[in-house]
Amino acid sequence: MVPSHIWTAAAYASTLMLPVAHSFAQCDSSWASWGRTTRAVLRDTVPSRFSPHEQGSSNTIAPRAAYRFDGHAIIGFFNPGVSGDGYVALPDVSDVYNVLIIHHADADTDPASPTYGGVKLGTCFSPACANGNISEADFITAVKDKTSKGKLVPLGVFWNFGGDNANGTAQAKFIDTVTAIIDKYGFNGLNMNDGGIPTLDNGDDDFANPTTPAVVNFIATLKTIKSKYGDGFGLSFAITSDSFQNSQDVAGYQSHGAYLPVLHAIRDDLSTLILHHFHATDDVLNQAGIKVAQDTTDYWVALVQRPLSGFTVAGKNFPPFRASQIAIGSLLWDSDVVRSSIVTGLKCVMTGEQCGGIRLSGGPFPDFLGAAVSTIEDDEVHNGFFRQTMPPFFQDIAALPPSSTTPTASTSSTSTTSEPSNAPSTSETLGTRHGVANSTLIPAIVVPILVVLVVGLALLFWCRRKSNGSVDDTHWPSMSASGVQRNGDSVEPYWRHASATAAETSSPRKGVAAKTRVDSPTGDIATSSRAPDSGELNRLAALQTEMGRVGLTTEALQASLSRLRLGSQGALTEYTDSDVPPPSYVTRP
């Protein structure tokens, strides 16, 4: 199928061609017919500006509101079922949050449940639950309010896509139950959390071409859900860095890397990839395979090093993600040490300054998406340190001049050896934020326009020469040589042939008698084989010499003669508003 933007470029270029065809039609009536035919063909064959997927179809349900990020993202996990001192009502959550991941839905293991085999939302609303914090109707209203402000409010799901959930039946149940929850509550995204991953099959060692059924089915499942809701629907993952840290060789990839083929397959649809440090066991390795101490600047840099710079997976280069897709997550932000290490690590990633022992290849990355807190409620219990710290940090980064965050070619590291990779750097693969960066778009638009302009200029140049008599039009019978009609009067171009005749007969081709073309009073073309005598030639030559001596050009003479017409009494009168073009000199061979 031809991509929609290719059709767009073709339609645009064809539209540019129509005025050219219209202008050229003035030279020949046959071209006017061609122009009409072209317009009809374009009307019938060029599709609309948008493809059916973009327009919406019977399979596409538009989310209640599309999300938008105007800059960096402040991300928080929100649990509407929390009670006690940590409870925060969804309507009261600060608007500094760009992403509110609803925590959470997980596998329904109750055989008596109608959603058994799929997922269910873990929140119990009032009045069904005595300890419910909010009614279901009020929760839906709050979600709608947040999404109407451009917030991304995805449903967070814990799901092991291996084991019993690997087959097509289980995946279909997952789709049905997840989309039912999304439709009911008005979420505008889906976030997949760590829920366990399968071990890849023997022989499955290519992340770009997975063969393990659980992986293949899960990729199809996510793409089905994304296509159902369209471009305004966010698709995100919040995972540890285990798949990125332990998949260099085939054995490690098959044991730890099942997320990588999934993420690679949906990278163009991925809105957010949160690499988090929510557990004390979330170890991170540098490029040399050495464990990095937690809660240090280097820890946070190493956490995003492979996703941002690319790395080797089972002997193959895994390309980097866009920096505008990547965020980090931390459990708590109430410690000065933790906050300082995170902020300094982010500054190293985004500006290349204050780095410790690790410096990212291809960096800095000023478009790095943002940061997440594990629970909004816990942050509020601890005085909202995350909420108060991160927005001004990202605002300060955004205010820096471009030269402060220009990517460098440095790949040096004082404590690690950069891993060789042929993958392009993230700075080279940055596209539009949270959109598809399609490399064919620019040539698809520019090339047709250039072709149209070149062809159009060539046609108009030919038309100009033809109208000036520089082109022999004996082979164009549709071109009339009759006098121009104006208000019923015939303007007879008596002098049309004079200059060309003089030029040709002054040096006639050997063995060929010169022909003189004379326009008859009725405007029909008449030809004669009589060769002009020497007296006529001498008079014409003298006339041209005299005109040149006094500064009178042939063009000025033509312009003057073109304004004359024969009056009713045989007298020449002048058009005062003539738009008749000056006559040209045409030579017949």
Side-chain angles (χ1 to χ4, degrees), residues 63 65-78 93-101 145-154 188-189 191 231-238 267-276 300-301 303-304 307-308 320-330 333 339 342-354 360 362-374 376 379 384-407 425-437:
Y67 73 94
R68 61 182 182 274
F69 294 155
D70 295 328
H72 302 287
I74 306 300
I75 305 167
F77 289 78
F78 178 80
V93 172
S94 172
D95 281 341
V96 303
Y97 286 97
N98 307 101
V99 182
L100 297 165
I101 300 173
D145 176 66
K146 294 297 183 183
T147 58
S148 69
K149 297 176 181 177
K151 312 295 183 183
L152 176 58
V153 187
N188 61 353
N191 178 80
D231 292 338
F233 185 84
L235 190 59
S236 59
F237 273 73
R267 65 169 58 234
D268 287 340
D269 291 323
L270 189 65
S271 61
T272 315
L273 173 57
I274 303 170
L275 296 169
H276 62 70
W300 300 103
V301 178
L303 183 66
V304 297
L308 283 178
F321 293 93
R322 298 193 310 273
S324 60
Q325 294 174 300
I326 308 298
I328 62 168
S330 178
W333 297 69
R339 285 199 307 275
I342 294 174
V343 168
T344 306
L346 284 174
K347 194 162 188 178
C348 172
V349 170
M350 301 177 72
T351 69
E353 300 176 357
Q354 299 184 17
L360 298 183
F365 302 96
D367 286 342
F368 189 83
L369 178 60
V373 64
S374 59
I376 292 174
D379 186 60
F385 283 117
F386 171 79
R387 171 176 53 80
Q388 297 180 59
T389 300
M390 297 318 297
F393 168 80
F394 286 118
Q395 290 168 8
D396 290 344
I397 294 292
L400 291 175
S403 58
S404 301
T405 55
T406 302
S425 69
T426 303
S427 61
E428 297 171 333
T429 58
L430 286 176
T432 55
R433 184 181 294 271
H434 312 292
V436 177

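Closest approach of Ala327 to Ala371, counting heavy atoms only: CB-N, 4.2 Å. Looking at every heavy atom in both residues, Ser271 comes nearest to Leu369 through O-CD2, 4.2 Å. Across all non-hydrogen atoms, the minimal contact from Leu270 to Leu235 is CD1-O, 3.3 Å. Residues Asn191 and Ala238 come closest through the heavy atom pair OD1-N, 3.7 Å. The minimum heavy-atom distance linking Arg387 with Ser94 is given by the pair CD-CB, 3.6 Å. Between Phe77 and Ala372 the shortest heavy-atom distance is CE1-CB, 4.5 Å.
Between the side chain of Lys146 and the backbone N or O of Val93, at least one donor-acceptor pair lies under 3.5 Å. Between the side chain of Gln325 and the backbone N or O of Arg267, at least one donor-acceptor pair lies under 3.5 Å. With Asp367 contributing its side chain and Ala323 its backbone, the two residues share no donor-acceptor pair below 3.5 Å. Side chain of His72 to main chain of Gln395: no donor-acceptor pair is present (N/O by atom type, distance under 3.5 Å, no hydrogens or angles). Proximity of a side-chain donor or acceptor of Asn188 to a complementary backbone N or O of Lys151 within less than 3.5 Å is detected.
Going from atom CD1 of Ile274 over to atom OG of Ser330 covers 12.5 Å, rounded to the nearest 0.5 Å. For the atom pair Thr351 OG1 and Leu400 CG, the distance stands at 7.0 Å (nearest 0.5 Å). Here the CD-NZ distance, from Glu353 to Lys347, works out to 5.5 Å after rounding to the nearest 0.5 Å. Summarising the geometry, atom CD1 belonging to Ile101 is positioned 7.5 Å from atom CG belonging to Leu152; distances are rounded to the nearest 0.5 Å. Met350 contributes atom CE, which lies 6.0 Å from atom CZ of Phe393 (distance to the nearest 0.5 angstrom).
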Step-by-step side-chain contact (heavy atoms from CB on, under 4.5 Å) determination, Phe368 to Ile326: CA-CA 6 Å; Phe368 189 83; Ile326 308 298; 3.6 Å; yes
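Taking Asp145 as the reference, Lys149 meet the salt bridge (charged side-chain N to carboxylate O under 4.0 Å, His left out) condition, with sequence neighbours excluded. Checked against ring-ring contact (aromatic ring centres under 6.0 Å, His included), Tyr97 has no partners two or more places apart in sequence or in another chain.
Using a 4.5 Å cut-off on side-chain heavy atoms (C-beta onward), Phe233 and Pro154 make no contact. Proximity of Phe237 to Thr272: side-chain heavy atoms (C-beta onward) are nowhere separated by under 4.5 Å. Side chains of Val99 and Ile74 form no contact here, defined as non-hydrogen atoms less than 4.5 Å apart. Looking only at side-chain heavy atoms (C-beta outward), Phe321 and Leu273 come within less than 4.5 Å of each other. Pro307 has its side chain within reach of Leu275: a pair of non-hydrogen atoms, C-beta onward, lies under 4.5 Å apart. Contact check for Val343 versus Thr389: side-chain heavy atoms found under the 4.5 Å cut-off. Within the 4.5 Å cutoff, the side chain of Phe365 has heavy atoms near those of the Leu360 side chain.
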